[in-house]
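Below is one structure; the comments refer to it alone.
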Amino acid sequence: MRKNLHKILFVSTIVVLTLLMVQTYTGLVHVKPLAGVTVETEKPKLTFKNYVDGTFQNDLEKYCREHCGFREWFIRLYNQYRWSCFRETDNTTVVRGKDNWLFEEVYVRDHYESSMYEYTSDTAEMREILETEALRLWKVQELLKEHNIHIFVNITPSKDVIFPEYLPENVSYTRPVGLRAYDFYKKRFDELGIHYIDNVAIFKAIKDTVDYPLFYERGTHWSNIASVYVFDSILRYMEALGGRQLPHLEIGEKYQAKPRDPDKDLENLLNLVFPMKSSPYWYVDVDVKEDSTQVKPFMTVIGDSYHWNFIFNIPLLKIFQKVPYWFYNSTIYEDDEHQNTSDLDFEKELMRNDYIMLSYGSCSLYRLGSYFLPKALLYLCYDQSTIDTVADGIIQYFKSDPKAYSVMLEKAKVQNKSVDKVMYDDAVYMITMNPEQYFEELRGNRLPVSRNKDLNRMK
Amino acid sequence: MVFSSNVFLILFLPIFLIGYFACPKRWRNLVLLLFSIIFYAYGAPTFILLLLGSTVINFYLVKWLYKTDNLVHKKLYAGLAIALSLGLLGYFKYANFFVDNLNALFGLFGLQPFTFAKVLLPIGISFFTFQSITYVVDTYRNVHKPMERLTDYMLYIIMFSQLIAGPIVRYCDIADEIRSREQNWAESLQGFYRFVIGLSKKVLIADVIGRQVDMLLAGDLATMGTSTAWIAIVGYTMQLYFDFSGYSDMAIGLGKMMGFHFPENFDNPYNSASVSEFWRRWHITLGTFMRNYLYIPLGGNRCSKPRMYFNLWVVFLLSGLWHGASWNFVVWGAYHGIWLVLERMGLGKVYEKMGKVPSVILTFLIVTVGWAIFRIENLSDAFTFISRLFAFDFTSFMAIQSPHFYTTLVMALVLAFIVLLPFGKKLQNAVFYTDFSKKQHLAAWPVAVFLLLFCLGALNAAGFSPFIYFRF
């Protein structure tokens with residue numbers, strides 16, 4: 001062996017490289033996947049065209065990069081080196097604060113600038129956008145009340161608002177602090193009489209007195225215990241709002257345990273080899289005593305990811321008939337089926353509720369309702385045939401404008417639909433996104449007179 | 001395809017190595033040629049036929065050149081072969097530049113611009129053109145016999161290991177090894193180590209520094225603070241060196257794996273005590289080419305002083321233009337040319353009086369400032385940036401929040417200058433120029449494999465930024 005050592009070592013080099021190649025293309029060895037979600041590149045198919053224009057080569061490099069054999073190990077190893085030596089990461093979603101507290105970048109940005117910059121950099125425009133949404137919510141609240149449906153906002157606290165002392169300093173945000181949705185809405189909700197629970201204020205008040213963590217150092221969201229107590233308060237609030245009795249949560253003794261999902265989701269996202277040191281993770285178990293004499297209410301939740309903690313920690317179906325969760329008014333999580341809100345019979349879905357909870361963190365409050373409110377306002381006031389009449393007008397415009405019509409033709413081709421269907425869908429979409437533009441009585445701060453009579457049959 | 005890509009490291013390289021070493025020795029050149037053609041065709045599909053075609057024509061022109069005893073015919077064949085190589089280089093690399101400048105001139109006189117479809121640049125053209133010129137000239141000068149087989153010549157021109165970024169291998173330096181070379185496993189192993197060192201220089205140093213430098217230089221140059229400007233340019237100075245020398249190390253290492261001995265391309269250039277010395281240590285194979293195939297034919301040193309200065313200037317102007325078809329490269333070449341002429345006129349003696357360390361520092365500063373012209377394509381921006389280097393404005397500082405960057409930069413500076421110390425020289429000799437004992441191989445191999453995998457981690461982790469959840 002000593003005689004052939006050089007040959008053995010060099011051949012071993014080729015073996016190492018070959019193993020990487022085999023693992024890349026077969027994934028024979030199971031390796032713990034990296035945490036987080038990415039858009040993956042499909043395995044490129046070689047054609048003469050994509051070869052000559054270089055897209056095949058680019059896609060193959062991307063594919064190999066995403067599927068390189070044992071890449072999970074290599075990335076963790078390199079990330080660990082950067083984190084251990086420099087406290088750095090390439091993950092732009094995670095920001096390291098003081099004492100190694102981790103924050104999601106959007107929270108830090110909201111703290112130093114304002115998430116409203118996603119819409120505009122003009123403060124007056126920011127105010128206008130928020131005002132429109134607040135008025136829509138007020139109108140929807142009043143109109144739903146006529147159907148005995150109660151809508152309210154659950155403002156959940158974001159980590160940056162409760163623990164600003166752990167936020168990083170020397171951040172490179174350069175724009176001035178804009179208008180924050182939380183500050184605007186809180187004042188305006190009070191003025192308009194909108195139903196809401198301000199957990200931000202509650203958390204700030206109890207932050208220094210509670211003997212359990214409100215947030216975990218390595219996670220985005222509130223802790224298991226904090227979310228459980230908040231949900232109990234929400235039930236009491238709903239009782240008062242709807243005038244009906246709801247069960248109390250039976251909350252067990254708190255205990256320490258290994259972190260559960262998603263309590264250290266930010267740490268996971270760093271994809272390190274070794275876990276980070278952190279304070280203990282405290283949990284409580286929750287049960288609900290069901291009362292068979294009471295009819296369980298139906299509640300739809302529209303909101304951000306803070307609601308996951310309720311889903312994970314509370315037996316919601318012991319309280320509610322159904323609790324569909326419209327994640328940012330997009331994907332619906334209910335009974336393991338993940339439908340999209342655009343596929344729903346909206347009027348029917350709206351009317352089956354007893355409660356609608358808009359649950360947004362102070363940081364994502366700028367997306368309040370995620371376009372649910374204009375659509376709800378529209379359908380509460382007008383039936384489908386009235387909306388279709390307005391849509392017809394928009395379709396006529398599409399047809400009369402060659403530029404717009406060619407866009408529709410192109411869209412129809414891409415979506416593999418008839419051009420009439422595409423024009424109708426686009427017209428209805430435009431109306432639901434901004435109904436005030438097409439129905440004058442929806443504008444301003446007065447309650448509209450029109451009512452969608454079809455809804456009465458559905459309730 | 002570059003060596004520091006996943007496609008090369010986990011697909012091309014293992015398949016090539018298996019194919020190359022599994023086949024009998026007499027077929028190895030053909031395997032290497034086949035893979036070199038695939039390598040080039042992968043990166044430049046539209047130019048592969050042009051490259052192969054020009055190679056075939058050159059091969060026969062030089063064959064006829066060698067066979068004929070008629071001096072006029074010899075000159076004719078040599079002239080045709082060189083004209084073909086330079087013609088292709090001129091057209092593909094400089095046509096756009098020429099037309100753009102011509103149109104700018106037309107614009108000054110109110111004339112209609114000349115319409116011209118933009119020409120795409122075939123990768124590696126600057127390198128394989130020079131290699132084909134050395135083949136013609138070395139045969140013409142009877143330095144070496146031409147290749148008997150077309151495939152051997154093609155291999156010399158398009159061998160993938162040095163095709164796209166050098167080193168520029170002179171024909172006379174490699175002709176014998178193409179014809180016949182011994183397989184030495186110890187050397188192959190050291191080639192692998194050299195490859196990994198080059199990859200590490202590129203991925204772990206140059207790329208880390210480069211990401212921050214790009215960010216800094218994308219900012220507003222006119223208001224840049226002096227300290228920021230120096231961090232940016234010193235960063236770029238290190239990035240360029242570790243990137244280019246890393247690539248050369250990879251090429252030399254790959255060559256060694258197969259039994260080729262490519263010339264060294266860098267010799268600690270930032271340790272130079274004059275700009276003249278810098279050019280003997282930086283991109284050595286280009287300097288050698290320019291000296292042998294341009295400077296000496298122009299008359300070199302054996303002429304009057306003004307003529308020598310002129311020769312130097314021409315060489316450096318063309319050398320600048322060789323780096324890219326843009327005025328900033330021409331000015332960069334002229335800038336170096338000026339320093340070389342000044343050194344010949346007496347500045348060199350001043351350096352000698354100053355002593356080694358001050359001269360090294362001064363040369364480093366001269367070269368570093370020159371890199372600003374090299375890096376910033378727009379000349380006006382380049383001069384603005386240089387003015388900020390000497391503005392002594394310390395009021396604004398664009399902070400880079402990356403200890404990784406600063407640590408890597410310091411490490412790069414240490415590595416760039418360590419050979420000034422006796423310890424550094426010993427270290428360099430031990431790593432690069434010593435045949436390892438078996439024990440040393442047993443220690444070095446796992447380190448090299450670890451570094452290779454670590455580089456793969458760095459390559460794939462850079463910019464890997466998954467989301468927690470999809471929001472929509």
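Letters A, B, ... mirror the listed sequences (proteins, then strands); counts begin at 1.
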Heavy-atom pair with the smallest gap, counting every atom of A:Phe10 and B:Ser188: CE1-O, 3.4 Å

Examine whether an atom of A:Thr24 lies under 4.5 Å from a heavy atom of chain B, and if so say whether it belongs to the side chain, the backbone or both; otherwise answer neither. side chain

If I measure from the heavy atoms of chain A, does B:Phe450 come under 4.5 Å with its side chain, its backbone, both, or neither? side chain

Against chain B, label A:Cys68 side chain, backbone, both or neither, depending on which of its atoms sit under 4.5 Å from a heavy atom there. both

What's the verdict on side chain to side chain contact (heavy atoms under 4.5 Å, CB included) for B:Val2 and B:Lys202, showing C-alpha distance, side-chain angles and the deciding distance? CA-CA 11 Å; B:Val2 290; B:Lys202 159 92 180 117; over 6 Å; no

Check: B:Phe160 ring centroid to B:Tyr40 ring centroid under 6.0 Å: no

Portion of A:Tyr25 that has a non-hydrogen atom of chain B nearer than 4.5 angstrom: side chain

Bottom line for B:Leu13: the part with an atom under 4.5 Å from chain A's heavy atoms is side chain

Part of A:Val16 within contact of chain B (heavy atom distance under 4.5 Å): side chain

Can you say whether A:Glu88 sits under 4.5 Å from chain B via the side chain, the backbone, both, or neither, judging by heavy atoms? side chain

Contacting region of B:Leu204 [heavy-atom separation from chain A under 4.5 Å]: side chain

Side chain, backbone, both or neither: which part of B:Ser5 has a heavy atom under 4.5 Å from chain A? both

Would A:Arg260 pass as a cation-pi partner of A:Phe312, given that its NZ or CZ must be under 6.0 Å from the six-membered ring centre and within 45 degrees of the axis? no

Atom group of A:Tyr63 that falls short of 4.5 Å from chain B, counting heavy atoms: neither

In terms of relative ring orientation, are B:His404 and A:Phe86 parallel, tilted or perpendicular, with 30° and 60° separating the classes? parallel

Which bit of B:Ala41 is near chain A, if near means a heavy-atom gap under 4.5 Å: side chain, backbone, both or neither? both

Portion of B:Leu452 that has a non-hydrogen atom of chain A nearer than 4.5 angstrom: side chain

Closest heavy-atom pair and its distance - A:Met276, A:Glu267: N-OE2, 2.8 Å

Begin with the C-alpha distance, continue with both residues' side-chain angles, and end with the deciding distance and a verdict on side chain to side chain contact (heavy atoms under 4.5 Å, CB included) for A:Ile302 and A:Tyr360. CA-CA 8 Å; A:Ile302 302 162; A:Tyr360 285 83; 3.8 Å; yes

Looking only at side-chain N and O atoms, does A:Thr55 offer a donor or acceptor that is under 3.5 Å from a partner on A:Asn58? no

